[in-house]
Amino acid sequence: MKTGLVMVVVLTLIFALLAGGTVFAEETILIGLQAPLTGNFAIEGKMARQCVEVAAELINAAGGINGRMLEIVIADDASNPRDSALAAQRLITQGVVAVIGSYGSGVTEPAADLYDRNGVVSVAYGATAVRLTMDRKRPYFFRTCGRDDSQGEFFAKFAVEVMGWERIAIMHDNQTYGRGVAEETRRFLEPYIADGRAEIVYYDAITPGEQDYRAALTALRESNPDVWYYTAYYPEAGLLVRQGREAGITIPFVGSNAVPNEDFVRIAGIEFAEGTLMTQEPLPQDFDTPKSQIFLDAYRERFGDIPSSPWPVYAADALFALAQAMENTGSTDADVIAAEMRVMQNAEGVTGPIFFTERGDRKDIPYAMYAYNAEGQLEFFRP
């Protein structure tokens, strides 16, 4: 064979191999996960990473998205707004198709703005502030968790109509999430207050990060409430419960949905955590669906137990929703995905069916009252 002909054959084979590679080895779909892997809420970020990785493995094992595999790209936002913007910029630069994240409304907001400006769909799993979807329109922003107003309404009704609590103490931490749930709770208590069925006898904020809350606890105790609702995060909640019980405050303690996880139990101590109540979106262990069971079994097999916090599971649901939107449309275009997310009827998550409103909120997400048992596990509270 002449040299020229050999070169033609070789080049033809190389071209055929390259062409074949393009046909048979579709590129993976990059999905970003923005979460607090360092900082005060690192345990939440760790579990979010684990949940999303398990969800991706299940999707890939079932054939991926129309034959294309998912790959998760991680960015740590350390749970502060500055690092959140940097994490968002890194994920955008890496060419992710969409992003899951993050934990905390104040942290999520700057990232959501960046994703929106760059045409990247983002699905928050732990950002509950009403303003994220209602103050202005963010066409690429969604969330799988509930909102502060839904939780505040649930607590107000439960406290007055179910438990008959009349003298209510509300404590928050003056941060976006804690203040948001507290304000919404107060708003939904107003009709009961007008009817003489309830009274807010204590409404104040503590400073997060302190080690001694006895002054605030003394003021709360002297207001003589029937119930104590704390609407902020677990590190302070654990300390408050411990110090409050040691100070003789025996009324029911109710934490909002940023309180329950294993660190809350550890800080409070099981002797004080037992019997505390939590307002919470449904947990996957309470869904008798094949998807919930498969997910929890896979998570337990890999990590030894199910997540101790609810938020990471909603991160997994963000991936299931994104995957369904891409599957339905056969597209990874942000405009196509966002349009589909608003109308799709067949997205099934670990926490049940997932539907979104036009503004990007999850539709009809219910709340329930949970209680910690003697083993430090959450279970339905039945008064």
Side-chain angles (χ1 to χ4, degrees), residues 26-57 59-60 64-65 68-129 132-133 138-145 176 311-327 329 331-341 356 360:
E26 292 273 14
E27 292 180 358
T28 57
I29 299 173
L30 301 182
I31 303 292
L33 169 64
Q34 181 185 327
L37 298 172
T38 58
N40 291 338
F41 305 118
I43 186 174
E44 292 285 350
K46 176 186 175 184
M47 285 190 283
R49 179 176 188 164
Q50 292 171 344
C51 280
V52 170
E53 287 178 348
V54 168
E57 288 170 3
I59 293 168
N60 286 340
I65 307 299
R68 296 176 65 182
M69 298 294 107
L70 295 178
E71 181 180 342
I72 306 301
V73 183
I74 311 290
D76 176 20
D77 63 24
S79 199
N80 70 70
R82 177 182 172 277
D83 286 333
S84 172
L86 293 172
Q89 196 59 59
R90 284 199 301 276
L91 289 175
I92 292 166
T93 303
Q94 288 176 275
V96 297
V97 166
V99 174
I100 301 161
S102 181
Y103 177 77
S105 297
V107 174
T108 296
E109 195 159 22
D113 288 338
L114 272 171
Y115 295 133
D116 240 50
R117 284 200 295 272
N118 287 275
V120 175
V121 173
S122 64
V123 187
Y125 64 90
T128 61
L132 284 168
T133 50
R138 291 184 169 90
Y140 299 100
F141 177 77
F142 298 83
R143 56 179 149 195
T144 49
C145 58
T176 301
W311 302 104
V313 178
Y314 288 85
D317 273 0
L319 183 59
F320 285 121
L322 286 166
Q324 192 63 61
M326 291 186 284
E327 182 86 23
T329 60
S331 175
T332 55
D333 179 86
D335 290 313
V336 175
I337 294 171
E340 176 64 14
M341 298 267 280
F356 294 103

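These figures come from a predicted structure and were not determined experimentally.
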> Could you go step by step and tell me if I65 and T332 meet the side-chain contact (heavy atoms from CB on, under 4.5 Å) rule?
Replying inline: CA-CA 10 Å; I65 307 299; T332 55; over 6 Å; no
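- Under the 4.5 Å side-chain criterion, counting only non-hydrogen atoms from C-beta, E57 is not in contact with N60.
- Between G32 and L91, the shortest heavy-atom contact is CA-CD2, 4.1 Å.
- Taken to the nearest 0.5 Å, the CZ atom of R49 stands 8.0 Å off from the CG atom of L33.
- Here the closest non-hydrogen pair linking L114 and A88 is CD1-CB, 4.0 Å.
- Taking the side chain as every heavy atom from C-beta outward, I31 and M326 approach each other to under 4.5 Å.
- Pairing each heavy atom of S84 with each of A111, the nearest pair is OG-CB, 3.3 Å.
- Here the straight-line distance linking atom CZ of R68 with atom OG1 of T28 works out to 7.5 Å at 0.5 Å rounding.
- Pairing each heavy atom of G64 with each of E327, the nearest pair is O-OE1, 3.7 Å.
- Side-chain contact between T176 and E109 is absent, with no heavy-atom pair separated by less than 4.5 Å.
- Smallest separation of non-hydrogen atoms from A78 and D83: CB-OD2, 3.5 Å.
- Y125 and A48 make their closest contact through OH-CB, 3.6 Å (heavy atoms, listed as atom of the first residue, atom of the second, distance).
- Going from atom CD1 of I59 over to atom CG of L319 covers 4.0 Å, rounded to the nearest 0.5 Å.
- At a threshold of 4.5 Å between non-hydrogen side-chain atoms, the residues Y115 and I92 count as touching.
- Listed by chain and residue number, nothing satisfies the side chain to side chain contact (heavy atoms under 4.5 Å, CB included) test with N40 (two or more places apart in sequence, or in another chain).
- A heavy-atom distance below 4.5 Å is found between the side chains of M341 and V123.
- Using a 4.5 Å cut-off on side-chain heavy atoms (C-beta onward), P139 and D116 make contact.
- F141 places a side-chain heavy atom less than 4.5 Å from the side chain of T133.
- Residue D113 holds its CG atom at 11.0 Å from CG of N118, rounded to the nearest 0.5 Å.
- Contact check for L322 versus I337: side-chain heavy atoms found under the 4.5 Å cut-off.
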Report, one line per pair, each donor and acceptor closer than 3.5 Å where one atom sits in a side chain of residues 95-104; sequence neighbours left out.
residue : atom : partner : partner atom : Å
S102    : OG   : Q34     : O            : 3.3
S102    : OG   : D77     : OD2          : 2.6

